[in-house]
Amino acid sequence: MLIWSKGGALGIVSLVLIGGALVMMFFVVLSGVKDTTPLNKTWFLRADTSSFPGAGRAESYWTFWRICATGGGQCGSTVPALPFGYAWVGGSEGVPNGLTGPRGKGTTSNYYYYLWRFGWVFYLMSLVLTSFTFLTSALAPCSRLAAGFSGAFLAFSLFWFSLAASLMTVVFVKARDEFHDAGISASIGRYAFGFTWGAWAAMFLATVFLFMGCGVSRKGDDHVRSTKTKRSGGGVLGSIPFFRRQRSKRSNRGSFVDAESQHRVKEEY
């Protein structure tokens, strides 16, 4: 019972961690959708674009779907896998050369275009996979099979999320450095990066706990099986009815032989 409770506790902790990771991931994915806290504080990069004629805004905030003039308001169109250079879609004059290129209507370099596009897709993939894992992990506290399956599936999701978080970090940190090198004010969004890497840590711990819960439950099953075998009075074969009958017959036969021997001894005397 103690071992089952350990596996159940690990399953419950994993479920809470996965739920927390999903909440943080949704905060990032929904950034820029509505001007409310914490969504209006969840942006990847802020840069001073007042010197870019094609920007049309004093500051630009890069979110998951849009580029906004404030943290969560006055945003442009919703674009899947938004090209980085859409912040100056009206013209790239004054933009650092490392950021511009032939992609995204001539606004974005190949490097930033493809890295963020793949990172964006991997982020959504992991969100869907983790949501599915959250449903299966609801059975983890009471099922070793569910704990093992959920752990394996969450590890698969964590692989893609690791790629997404890494690509996101590379793209926006490098872009910030490009702005700084050009003497332009820019900063990384603490909320977006905090939520992303916080979700990664929660998923990692949940994966470990799910596998631990699966292993602890298995040890518990082995312990119970061993106890039942000992109580049945023998090894594995002792638990089979046929062998129990054979052992009982041999015991009765031995008792009969002992009684007959004692009777003969009495007659000799």
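- Between the side chains of Ser60 and Thr49, at least one donor N or O sits under 3.5 Å from an acceptor N or O.
- Legend: side-chain hydrogen bond (donor to acceptor under 3.5 Å, both in side chains) pairs involving residues 77-91, not counting sequence neighbours, sorted by first then second residue: Arg66-Thr78.
- The CH2 atom of Trp116 sits 4.5 Å away from the CZ atom of Phe172 when rounded to the nearest 0.5 Å.
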> Under the side chain to side chain contact (heavy atoms under 4.5 Å, CB included) criterion, do Arg103 and Phe84 qualify, and how do the steps go?
Replying inline: CA-CA 9 Å; Arg103 301 295 175 183; Phe84 187 87; over 6 Å; no
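- Residues Leu145 and Ile12 do not share a hydrophobic cluster, clusters being chains of Ile/Leu/Val/Met/Phe/Trp/Tyr side chains in contact below 4.5 Å.
- Nearest approach of Ala192 to Val28, heavy atoms of both residues: O-CG2, 3.8 Å.
- For the atom pair Thr130 OG1 and Leu135 CG, the distance stands at 11.0 Å (nearest 0.5 Å).
- Phe64 pairs by the ring-ring contact (aromatic ring centres under 6.0 Å, His included) definition with Trp120, Tyr123, not counting sequence neighbours.
- Side chain of Thr108 to backbone of Gly85: a donor-acceptor contact under 3.5 angstrom is found.
- In this structure, Ile67 and Val89 have side chains that are not in contact, with every pair of non-hydrogen atoms separated by 4.5 Å or more.
- Atoms CG and OG1, on Asn40 and Thr63 in that order, are 11.5 Å from each other to the nearest 0.5 Å.
- In this structure Glu59 satisfies the salt bridge (charged side-chain N to carboxylate O under 4.0 Å, His left out) test together with Arg46, sequence neighbours excluded.
- Closest of all the heavy-atom pairs between Gly98 and Ser109 is O-OG, 3.5 Å.
- Here the closest non-hydrogen pair linking Ser143 and Ala146 is OG-N, 3.1 Å.
- Arg117 is linked by a salt bridge (charged side-chain N to carboxylate O under 4.0 Å, His left out) to nothing, counting only residues two or more places apart in sequence or in another chain.
- No chain of hydrophobic side-chain contacts below 4.5 Å, direct or via other Ile, Leu, Val, Met, Phe, Trp or Tyr residues, connects Val208 to Phe211.
- With hydrophobic clusters built from ILVMFWY side chains whose heavy atoms lie under 4.5 angstrom apart, Leu15 shares a cluster with Phe204.
- Side-chain atoms of Arg57 do not come within 3.5 Å of backbone N or O of Thr70 as any donor-acceptor pair.
- Closest of all the heavy-atom pairs between Cys75 and Gly32 is SG-O, 3.8 Å.
- The environment of Asn110 atom CG is dense: over 12 non-hydrogen atoms of other residues, nucleotides or ligands sit within 6.0 angstrom.
- Put simply, the side chain of Ser157 gets close to the backbone of Ser126: a donor and an acceptor are under 3.5 Å apart.
- Under the side-chain contact (heavy atoms from CB on, under 4.5 Å) rule, Val13 has a single partner from Leu10, Val16, Leu17, which is Leu17.
- For the pair Thr196 and Ala165, the tightest heavy-atom approach, listed with the atom from each and the gap, is CG2-CB, 3.7 Å.
- Listed by first and then second residue, the side-chain hydrogen bond (donor to acceptor under 3.5 Å, both in side chains) pairs that reach into residues 200-210 are Ser162-Trp200, sequence neighbours excluded.
- With sequence neighbours excluded, the residues satisfying ring-ring contact (aromatic ring centres under 6.0 Å, His included) with Phe122 are Trp160.
- For Val128, there are no side-chain contact (heavy atoms from CB on, under 4.5 Å) partners at least two apart in sequence or on another chain.
- For Phe27, the ring-ring contact (aromatic ring centres under 6.0 Å, His included) partners at least two apart in sequence or on another chain are Phe195.
- Judged as a side-chain contact (heavy atoms from CB on, under 4.5 Å), and not counting sequence neighbours, the contacts of Phe159 are Leu163.
- Atom CG of Asp35 and atom SG of Cys68 lie 8.5 Å apart (nearest 0.5 Å).
- One hydrophobic cluster, built from ILVMFWY side chains closer than 4.5 Å, cannot hold both Leu129 and Leu139; they sit in different ones.
- Atom CE in Met212 sits 10.5 Å away from atom CG in Leu205 (nearest 0.5 Å).
- Listed here is the closest heavy atom pair of Cys214 and Arg144: O-CD, 3.1 Å.
- Residues forming a ring-ring contact (aromatic ring centres under 6.0 Å, His included) with Phe209 (at least two apart in sequence, or on another chain): none.
- Note that the OH atom of Tyr61 and the CG atom of Leu45 stand 10.5 Å from one another [nearest 0.5 Å].
- Between Val171 and the choices Phe118, Trp62, Tyr112, the side-chain contact (heavy atoms from CB on, under 4.5 Å) rule is met once, by Tyr112.
- Applying the side-chain contact (heavy atoms from CB on, under 4.5 Å) rule to Ile184 yields the partners Asp48, Phe52, Pro96, Phe179, Ala182; only residues at least two apart in sequence or on another chain are considered.
- Considering only residues two or more places apart in sequence or on other chains, Phe149 meets the side-chain contact (heavy atoms from CB on, under 4.5 Å) condition with Phe132, Thr136, Phe153.
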